[in-house]
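Report on one structure; see the data block that follows.
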Amino acid sequence: MPELPEVETIRRRLAEVLPGKQIRQVDLHSTRSFGGDSSLLVGRTITKVTRRAKVLQFEFDFEAALLTHLKMTGQLIYVAGESRVGGGHPTADWTQSLPSAHTRISYYFTDQTELHFNDMRLFGWMRLLSPAEVATEFAKYGPDINQPDLTVEYLAQQLQTRRVALKLALLNPTVVAGLGNIYVCDTLNLARLSPFRPANSLTIQEVERLFEAARAIIDRGIALNGTTFDGKYVTVDGLAGGYQNEALVYGRAGAACLNCGSTITKVQQAGRGTYYCGVCQK
Ligand SMILES: [Zn+2]
């Protein structure tokens, strides 16, 4: 599942090519992937591509926004002649002709370019919403971890009220949005904090360390265009990320901790893999 750095990477790529594009036609290959009245988009021009948590938002020259969640297997691919821009779950659709068998929605622009939403497993969605509906959707999330106005005090206060394991509190999107499993594991290693400690046991100094580490890891993820684990497609130009080559602990069970050289352990924690170093994350 794409995490914040991957979604932000797709946003940045699409923000370079989509603003100014006028929609000529919308094809719904799967009606369950689209919410709202797609005919309202015909003749409309995209003005902005923004993001909140892991939700992409396409804004238009009228009072509505198209929200998009890629979930497990979503992809967005913009096609302009031979050139392709986008990202998401790495599958052969990245290189095949589009629309493909997994294309759920296709947008055709007046300048003969196209945007395709592919989703193998159909959990992803695109929804055309009013500004009030957008506000309701975004009210479900805590602040983004890289939102400039997020403070250490806010994070400390959120953790103080929770007795669950620190890692689980950080994965809860109502506490903070945009810290998924990969980046939480690495954040806790960089901050030298155990994933199993009760969230409310941290001192303010430890919360500060955690906050700095989380931002550093997320910034690094964005700088490297996110994480792509499927080796088959990582060389497709411009579509894959590079964070997997620099992960501190995630995906590195049995390898040496980059900080102290001890062996990295993997355990299951609430159904997700937790990678950590038992020596520097006591
Ligand atoms: Zn270590």
Side-chain angles (χ1 to χ4, degrees), residues 1-9 54 142-146 150-173 175-231 234 240-282:
M1 181 177 305
E3 298 192 17
L4 187 150
E6 290 85 81
V7 179
E8 175 62 15
T9 298
K54 295 198 292 182
D144 281 21
I145 186 62
N146 64 344
L150 178 66
T151 62
V152 173
E153 290 70 32
Y154 167 85
L155 190 59
Q157 177 220 326
Q158 286 291 319
L159 295 177
Q160 232 165 48
T161 61
R162 292 164 209 271
R163 268 181 288 182
V164 293
L166 178 57
K167 184 195 172 198
L168 304 184
L170 294 173
L171 285 174
N172 179 347
V175 173
V176 64
L179 273 179
N181 200 36
I182 297 172
Y183 301 99
V184 162
C185 288
D186 277 14
T187 290
L188 291 171
N189 179 258
L190 185 60
R192 315 272 180 258
L193 292 168
S194 164
F196 312 107
R197 270 180 67 175
N200 63 1
S201 72
L202 271 67
T203 64
I204 189 72
Q205 288 81 9
E206 286 173 326
V207 178
E208 261 168 44
R209 227 161 69 211
L210 175 70
F211 183 83
E212 296 304 324
R215 286 212 161 154
I217 292 291
I218 287 294
D219 287 349
R220 191 69 190 136
I222 292 171
L224 291 166
N225 299 325
T227 306
T228 308
F229 274 106
D230 190 321
V234 295
Y243 186 83
Q244 65 281 1
N245 303 319
E246 293 199 11
L248 299 179
V249 288
Y250 187 85
R252 300 188 62 242
C257 170
L258 300 175
N259 182 52
C260 73
S262 306
T263 303
I264 292 165
T265 307
K266 180 189 180 186
V267 297
Q268 290 292 318
Q269 192 176 10
R272 314 284 302 275
T274 292
Y275 296 83
Y276 69 105
C277 167
V279 175
C280 50
Q281 294 175 257
K282 283 210 170 82

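Numbers here simply count residues along the sequence, with the first being 1. Computed over heavy atoms, backbone and side chain alike; hydrogens, waters and symmetry mates excluded. Keep in mind it's a predicted model, so treat the numbers as computed, not measured. All ligand and atom numbering here is 1-based and tracks the order in the structure.
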Check your understanding: Would a line drawn from the ring center of Tyr250 to the ring center of Tyr243 be shorter than 6.0 Å?
Key -> no
Check your understanding: Could you go step by step and tell me if Ile218 and Glu8 meet the side-chain contact (heavy atoms from CB on, under 4.5 Å) rule?
Key -> CA-CA 10 Å; Ile218 287 294; Glu8 175 62 15; over 6 Å; no
Exercise for review: Keeping to residues at least two apart or across chains, list the salt bridge (charged side-chain N to carboxylate O under 4.0 Å, His left out) pairs with something in residues 266-281.
Suggested key: none
Exercise for review: Check whether more than 12 heavy atoms from other residues, nucleotides or ligands sit under 6.0 Å from atom CZ of Arg163, and answer yes or no.
Suggested key: no
Exercise for review: Report yes or no: does Glu3 contribute a side-chain atom to a donor-acceptor pair with the main-chain N or O of Gly180 at less than 3.5 Å?
Suggested key: yes
Study note, to complete from the structure: Note: Leu210 and Ala191 closest approach over all heavy atoms is CA-CB, 3.9 Å
Check your understanding: What protein N/O/S atoms lie closer than 2.8 Å to the Zn ion (ligand 1)?
Key -> Cys257 SG, Cys260 SG, Cys277 SG, Cys280 SG
